Amino acid sequence: MDIRNVGKDFRALFTLEPVIKTRAFLMFVYNFVLLNTLYLLKPVRDSLFLEQVGAYNLPFVFILTAIAVIPISIGYSKMSKRRSIGWVVSATTLFLAANLFVIWFFIGMNNVWLYYGFYIWVSIYSVLITSQFWLFANTIFNSVQSKKIFGFLSLGAIAGGVSGGELTAIFVNQLSLQPESLLLISAIIIAATAPLVWLILRKNEKSDLSSVDKKEYRKADQAIPTNPLKEILSHNHLLLITALIAVTVMVTTLIDYQFKTVAEAAYTTEAGLTSFMGKFYGRVSLIALIIQLFIGTIFTKKYGVSGSLLLLPLALLISAGGMLLIPGLVAGTISRGIDQTLKHSIDRTGRELLFVPLPEELKNRVKVFIDLFVDHGAQGLTGLLLLGLTFGLNLDVQEISVVVITLLVAWVVIAKMAGNSYVDVFRNTLKRKVEGKWGKSTKNKSRFEEANKESIQKLLKSDEESDVLWALDVMREKNLEVNPDLLIKNIKHASCKVRINIVQLLRNRELGDWVDEVMDLAYDEDADVRMEAIRYVYQFYEGDRREKLTVGLHHDDARVQAVAMALIAEEGDEEEKQLITDELLDEAVHFQGEYGHELRKQSAKLLGEIYENRYAYLLKELLDDENPSVVKQAIESTAKTQDRRFVHDLLLLMGNGIYRKAVEKALREYGSRIYGTMYDYMIDSYLPVSTRRYIPWLFSQAVSEDSWEILEMSLKFCSIPIRHGIVKALLRMRKQDPSLRVSDEIIGQNIEREIERYSKLKKALSFYQRGKVTLSDEADEILEYEIEQTFENIFRLLSLNNDIEDIDNAYKAIVGDNPRLGSDAIEFVENLINWEVRKLLIPILETYHTDSLPPNSFSNALTDTEDVLFFLKEICHTELEQKLAPELEEEQKSERQRQVIQKENVEE
């Protein structure tokens, strides 16, 4: 294991505020002292019970412990509801010290029930001080601080175990103290922790992280269910936690029984057994400390909660197999050693993390119950099981291994389910809090369904454009018949939309008696109105249609010519299209007189219908027309021609926002036959970015494996901002077809590129803010915008191989203003991504709302002003380059001078 991973828990402390840091060290000392007392008492408890009562009676003590813990857990819960956490911890500490003094006073009476009572007392003490400590820590540290501090506090517990075990061996072997004397020493140490609790609380008084307001606390208590067991059974994640703890306790209790049985057989004296137990607990705690320092932090980060939960049962499966094949002290010690080392390091971290996504009030209601009652309840159940196995079935320690292996398999299954549930709780929390609770939408009755002839006639008399247009829509949809006079009254309505719709409705219903009225609109100021009016006249005016079109095509008024061309383009048959000559088209395309743009527009439309290769030059001229409406119509016509010669012109027009949508539609109609050409343009760095940046969007218009593969391949070759466009296009396609996925390898490579860009942009902005780089006005705003875009693009990339809704919710939570929800989102994302991406990305997420630079090699690569300016020049941002122009010019001049000086030095 890389030595650089050692002490990550310690280094995290230095990012905290001084007051929080001091409190963390005091809590470390407190946990260290508590675990010292526990590991002074455990060896004494085990040796006294085994020597005076015997290992065969352990099942009974397990059952009695489970019974004894019921009133204790209930009493503790009631006391916690009435008193502050500080008062409860102090009172419990002094009560336990007094208990231990009384036990020490009477233990010399050599009464078998005292040994039973002492064993039960130490078992409850073990769980109680641990559970109480972590509840205390949860009260004085918020969730963000907890992530940095709890690993450090766990080291305090493990170090206390090492120290306590070694002290036991020293007191018994070197100082020749009787094992019973350790009870008095422990009682004194426990009592001495009360001032330490008071000091920690005093450090907490001036902090904004003090415990919740008492009124709110009491108000919350009133809502606590009287039966926490029902609440656990109704919550899937809590149920899995409970099942996991129960099966863990059952397995470790069986292994403990096997270990103590073979140890009792191997050591015949009380002092020898006490010394062995002390050394054993000391050594395993030392190993646990080494694991936590060298492996624990990095293991949990790399393999997540699921990995932490699975490590112990998988390791015990191997050791249980050894106990089954070769039973004895060595196999028993190995099994118990694995249990004790991993249980108090990596496995402990995993189990504590399972509670993290749960709401605070829920944790407060059930955690003490689970820690006390479930732990010892499972131990009592194991006691009953042992009675059946040993007294009923007469199984020995070797045969019990079969039961252990069976339970270990169940443990692995439950641990895997709990790890998945852990992620699901985060997912559901983010979904609920980010998206909100949406009520059922009530569907309003359609206005079309409510409409009738009377209401339509009333609306047609309105002066409001929206009323008349809605009435005309209803008439079309429901085929309603109304008095035509009402329509004719609106033929000169102030709204051109109304005039157009009136003429269209008269024409569609073949109401041809209104030619004179409609004729007045043939010279309307609006081109579309004129078009519809002449279209109506051509249809219903007396005379041959072909003759009327011929007259129109050669009319002196360009507007009339335009309408004639439009009618032939839209409705003309082959005979009518033959009226269009090359000379007529050439004159129309090059007409520059009054209303010439209308004639050119309709010429472009007509070219799309009668296109031949010889007309290509005319369409190219129209694509370059000065009038936008003409260009848009020409774009539409190029798609109908399917002539690939126009693709180049169309792609160049993509950079103009006026024509972008029209070009997208036209190129979409070309289909996959132009994918190769589009790809060549997209990766051609010599073409303008304004042309290339929208090409990825074109690929996304048609969701297919071909377009997906081209875009995925392009990620490797394209730079910003083309790469951002590719990611957006891929995401758009995946929203339509979630089965499409980008490989983890490509995602990882591109996220690393985005993290590099993000880190360097942050460093460049930091240089600017500290006055180390002079930028023109608004350059800092551009940098901040690019930072946000890069950050968002990281999440777009994550969405390409994860659930889109999950990533979207996580992004919104992280950029939001709720720190606790943001912390949940970071933990959720951490469980979705692989290790290589995670170790780079998580520091980015954790420092997003701060001015701190992400700790990585990318930001460290920019060491001076020259590095920053060179980077900014290379990020392919035209506007930023313009802002940097004076500074870059000065820097280039300095560089040229340095090169000249260097050359002169070489020559000399």
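Worth knowing before you read on, the calculation uses all heavy atoms, side chains too, and leaves out hydrogens, waters and symmetry mates. Every value quoted in this text rests on a predicted model; they were computed, and no experiment measured them. All residue numbers refer to positions in the sequence shown, counting from 1.
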Checklist entry - Taking the six-membered ring of Tyr694, is the NZ or CZ of Arg660 close enough (under 6.0 Å from the centre) and on axis enough (within 45°)? => result yes
Checklist entry - Given Asp524, which of Lys492, Arg559, Arg499 fulfils the salt bridge (charged side-chain N to carboxylate O under 4.0 Å, His left out) condition? => result Arg499
Item to check | Lys640 atom NZ, over 12 foreign heavy atoms within 6.0 Å | outcome: yes
Checklist entry - Do you know which of Arg546, Arg545, Lys548 makes salt bridge (charged side-chain N to carboxylate O under 4.0 Å, His left out) with Glu576? => result Arg545
Checklist entry - Under the side-chain contact (heavy atoms from CB on, under 4.5 Å) criterion, do Leu800 and Leu797 qualify, and how do the steps go? => result CA-CA 5 Å; Leu800 296 180; Leu797 284 164; 4.2 Å; yes
Checklist entry - What pair of heavy atoms forms the shortest contact from His597 to Ser629, and how long is it? => result CD2-OG, 4.5 Å
Next on the checklist: Keeping Ser637 on the side-chain end and Gln633 on the backbone end, is there a donor-acceptor pair under 3.5 Å?
Outcome noted: yes
Item to check | His590/Leu618 under side-chain contact (heavy atoms from CB on, under 4.5 Å): CA gap, chis, key distance, verdict | outcome: CA-CA 9 Å; His590 295 97; Leu618 293 175; 4.0 Å; yes
Checklist entry - Would one find more than 12 heavy atoms of other residues, nucleotides or ligands at under 6.0 Å from atom NZ of Lys620? => result yes
Item to check | Candidate list Arg757, Glu754, Arg723, test side chain to side chain donor-acceptor pair (under 3.5 Å), partner Asn793, passing option | outcome: Glu754
Checklist entry - Above 12 or not: heavy atoms from other molecules or residues under 6.0 Å from CG of Asp573? => result yes
Checklist entry - Under 3.5 Å, side chain of Gln561 to main-chain N/O of His555, donor-acceptor pair present? => result yes
Item to check | Side chain proximity check, Asp528 to Cys496, heavy atoms < 4.5 angstrom | outcome: no
Checklist entry - Which distance, rounded to the nearest 0.5 Å, do you find between the CD of Glu705 and the CG of Asp737? => result 9.0 Å
Checklist entry - Would you say the side-chain atoms of Asp586 pair up with the backbone N or O of Asp582, donor to acceptor, closer than 3.5 Å? => result no
Checklist entry - Around Lys577, counting heavy atoms of other residues, nucleotides and ligands shown, do more than 12 lie under 6.0 Å from its NZ? => result yes
Checklist entry - At their closest point, which heavy atom of Ala558 faces which heavy atom of Tyr595, and how far apart are they? => result CB-O, 4.0 Å
Checklist entry - Should we count CD of Gln736 as having more than 12 external heavy atoms under 6.0 Å? => result yes
Checklist entry - Should Arg734 and Ile804 be marked as a side-chain contact (heavy atoms from CB on, under 4.5 Å) after you check the CA-CA gap, both sets of side-chain angles, and the distance that decides it? => result CA-CA 9 Å; Arg734 191 161 189 267; Ile804 295 174; 3.7 Å; yes
Next on the checklist: Exactly one of Glu636, Glu570, Glu571 should register a salt bridge (charged side-chain N to carboxylate O under 4.0 Å, His left out) with Lys605. Which one does?
Outcome noted: Glu570
Item to check | Full working for side-chain contact (heavy atoms from CB on, under 4.5 Å) between Asn490 and Asn501 | outcome: CA-CA 10 Å; Asn490 279 293; Asn501 276 268; over 6 Å; no
Checklist entry - Would Tyr679 and Tyr675 count as a close aromatic pair, with their ring centres under 6.0 Å? => result no
Checklist entry - So, for Phe791 and Phe795, is the gap between ring centers shorter than 6.0 Å? => result yes
Item to check | Working for salt bridge (charged side-chain N to carboxylate O under 4.0 Å, His left out), residues Asp625 and Arg600 | outcome: CA-CA 9 Å; Asp625 198 273; Arg600 297 195 300 276; 2.7 Å; yes
Item to check | Taking every non-hydrogen atom, the tightest pair across Leu730 and Trp708 | outcome: O-CZ3, 3.2 Å
Checklist entry - So, Ser700 side chain and Met733 main chain: donor-acceptor pair closer than 3.5 Å or not? => result no
